[in-house]
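Worksheet for the structure shown next.
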Amino acid sequence: MESLKLQNSLKSGPPVPFVPIQPGKVSWYACGPTVYDKSHLGHARNYVSTDIIRRIMMHYFNFDVNFVMNITDIDDKIIIKARRQRLLELEKEKKYTPEELKQLALSAFQSYAKSSLPLLLQEGQPFDHTNYIERRDAAYGRVLSGGTISGEGKPGDDEAKVKMHISNMDAAATAIQNGDIFPGADEIMLPFLDSKYKETIDTTDQTMFTDLTQSMEALFTADMNALNVLPPDHITRVTEYVPQIVKFVEGIVDKGFAYEAEGSVYFDITAFEKAGNTYARLRPENRNDQSLQEEGEGSLSKGLGGKRGAGDFALWKKSKAGEPFWPSKWGDGRPGWHIECSVMASDILGSQMDIHSGGIDLAFPHHDNELAQSEAFYCEHGKGEHTWVNYFLHMGHLSISGSKMSKSLKNFQTIQDALETTYTPRSMRIVFLMGKWNDGVEISPDMRAQADNWETTVNNFFTNTKSWLLEAGITNGVESLSLDDKAPQGLLAELAQAKQEVDAALKNSIDTPRAMLVILKLITTTNIFLRDNKDTDLREVEAIARWITKLVGIFGLDANATAPYDGLGWASVIAADVDPDTAARPYKDVFENVKAEVGGLTLASENMPSLLAKDPNPEFESVKQAGTRDPEQLALPYLRGVSQIRDELRRVLSAQSPETKQAILKLTDRIRDHDLTNLGVYLDDRPDNQPSLIKFVPAAELIAAREEKAAREAEKARKKEEARIAREKAAKEALEKARVPPEELFKSDERYSAWDEQGMPTKMKDGSEVPKSQLKSLKKLWDKQKKAYDDLKAKGQL
């Protein structure tokens, strides 16, 4: 039988069979966030995709997953941001005259241009905010108009960085011009102040760092909760592991794979490889990429000396003035970036793990360095290479306008903003499900449209299926439907085929795009089958809906659902402290109000008395006694009563008096569009006296649709009124024009200087004859005016 295969970054080529160290159990370490800023959609792509794989492994393949994630709460980016923010706060407390503050900002302005936008500067020429726009457009106009710095290819990260710096300079130039330095010039002031005063900061007080990281971690956790990402089984933080990190580094040094130099400790790649180990197993082609190496070391590593090899990387960094520090045998210092994951993962999972994951940008140098230092720590000389990780999973980038979405580039939309303006948690997850987890995703209108279509199709199928089952009186159809007592045919055959296809897709390295297409295809096929086969066994439709429900639950698309996802459709929730009577009360109130109003009408209906006499309370009590806490099931007895009364009103409408007809129409519309809409219930009216279908739809969606309809009708009415006013105005103007005698029609036209007895122009203003071609046109206008004037005269309206 085919088993799960995964795309393993440690292996080139196609996906490889997944064989965990312990059968049925999975040990997994995921690189978590560096908490120095708000999380953006790029983080959502990484962590939601990771969550999808984790959920599928747990709830589809039934693995027992031990999931560990770290929080990087100290590194160069955190140090720089926290320190700069502190320096900016201190600077704002200083007493400057307006002119002194302007000069400070100008110094920062020129410093920022020199370091970040050097093309703005021209040797021997002055530069400040007064000539900034001219210089900007001349130097970087091509980038601002969507081109590249070189003039070739497509814009990418370099262009995004230029745009970020220009945005900061734009704001600063305006602030200097207006004399409003703070906060307009904050972004250019931060690096300037840091360059001047960073060594003056007292870092024995680490609250400047912890205040930042704790607040950002809280926001990250809130974002993950909002996106329905399962919390890790274990969360580790770097600052809680510094003593263990020191011990781990000592162990690598003791084995001869690291060395101390000027208070820092570096991993010795040459010694590691001489011992028979392999370095850069994930990205061997990048091992000599100096820019990636420098990025991996961090911007604060400049000035640390003593490295033997160009690619050797820091395990422990000597802390300079203005940086936090912890004690070690090599002196005060702080952990290197890569060592933290090795220590924390090993502490929880031991010397070997099944899966390590993270964003693709971490493959080199971060993950390659993790592998090397961990395998060095556990290496036993003479016994060959140690395997620290069996499967490396790398999530693809999320890009926008051709460049990677990044905090450092500031070309991102935060998760919080995205959820407030553009996405729901479900729609964002659908977008990621429709792309392979290890492929890059470029946000585009087409991709969003496909995701929206998928969600709408599934929503409608769930809603309609529940409605059909309610109408047919089927509440436990699947339980009484044996799928094994006959060879699959019709819809059951389609379901069996879909199950096989989804299974094959998920076993093929969690191919969710394929699985999503199978779901969409099955729903489309089912809808067509139902259209062409009126006698379809609805229990088969329910079986399909329940299987899709299980899949969307496994994929994490329903925040209200819990494993094993045995419901039907999106799960509804009822608060644990709300009893069934309270949950059903709004529906019962609607029923009683409708019953009272209809009872006050004078109707010609033989069925209405029995419908009004029907008591839904016993049915509700039966549902309650069965132990259900599903608000839809609790509401149904009352909703059926309302729907049946309303259907009867619609049926007998034509036989009523005009006054009663008007009252019935008003009442039936209100029940559907207000009373039930506000409760998340839609009555789908059908022709030929068929009963309305009861459909449960989120109240917010129904209310939004109602408001949109009202807005359309209001706009239609507005345009109709505008057209009426325009017609009346045109008619009035035409009437006033028709009152002018034809002899006077052209007398007020300044283009002419002489007229004949009929009022036709004979001379132009300059005394020349009126051209014959012009006279011809003027005569047509004169004749038309004469006819209109004579018509009014004949009607006695002059």
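- Under the rule for a side chain to side chain donor-acceptor pair (under 3.5 Å), S444 has no partner lying at least two apart in sequence or in another chain.
- Evaluation of the salt bridge (charged side-chain N to carboxylate O under 4.0 Å, His left out) rule for D558 yields no partner, not counting sequence neighbours.
- Take D417 and apply the side chain to side chain donor-acceptor pair (under 3.5 Å) test, not counting sequence neighbours, and it matches T414.
- Residues satisfying the side chain to side chain donor-acceptor pair (under 3.5 Å) criterion with E707, sequence neighbours excluded, are absent altogether.
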Considering only distance and modelled atom types, tabulate donor-acceptor pairs under 3.5 Å from the side chains of residues 171-185, sequence neighbours left out.
| residue | atom | partner | partner atom | Å |
| --- | --- | --- | --- | --- |
| T174 | OG1 | D170 | O | 3.1 |
| N178 | ND2 | T174 | O | 3.3 |

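- A search for side chain to side chain donor-acceptor pair (under 3.5 Å) contacts involving N286 returns nothing, not counting sequence neighbours.
- Applying the side-chain contact (heavy atoms from CB on, under 4.5 Å) criterion to P698, with sequence neighbours excluded, gives E701.
- Applying the ring pair (Phe, Tyr, Trp, His ring centres under 6.0 Å) test to every pair with at least one member in residues 420-459, sequence neighbours left out, gives no pairs at all.
- The salt bridge (charged side-chain N to carboxylate O under 4.0 Å, His left out) contacts involving residues 226-239 comprise R54-D233, E217-R237, R237-E240, where partners must be two or more places apart or lie in separate chains.
- In terms of the side-chain contact (heavy atoms from CB on, under 4.5 Å) criterion, residue partners of T422 (sequence neighbours excluded) are, by chain and number, Q413, R448.
- Shown here are the side-chain contact (heavy atoms from CB on, under 4.5 Å) partners of N228, two or more places apart in sequence or in another chain: R55, R429, A559.
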May I have the list of side-chain donor-acceptor pairs in residues 205-213 shorter than 3.5 Å, sequence neighbours left out?
| residue | atom | partner | partner atom | Å |
| --- | --- | --- | --- | --- |
| D205 | OD1 | T207 | N | 3.1 |
| D205 | OD1 | T207 | OG1 | 2.7 |
| D205 | OD2 | T207 | OG1 | 3.1 |
| T210 | OG1 | Q206 | O | 3.3 |
| T210 | OG1 | T207 | O | 3.4 |
| T213 | OG1 | F209 | O | 3.2 |
| T213 | OG1 | T210 | O | 3.3 |

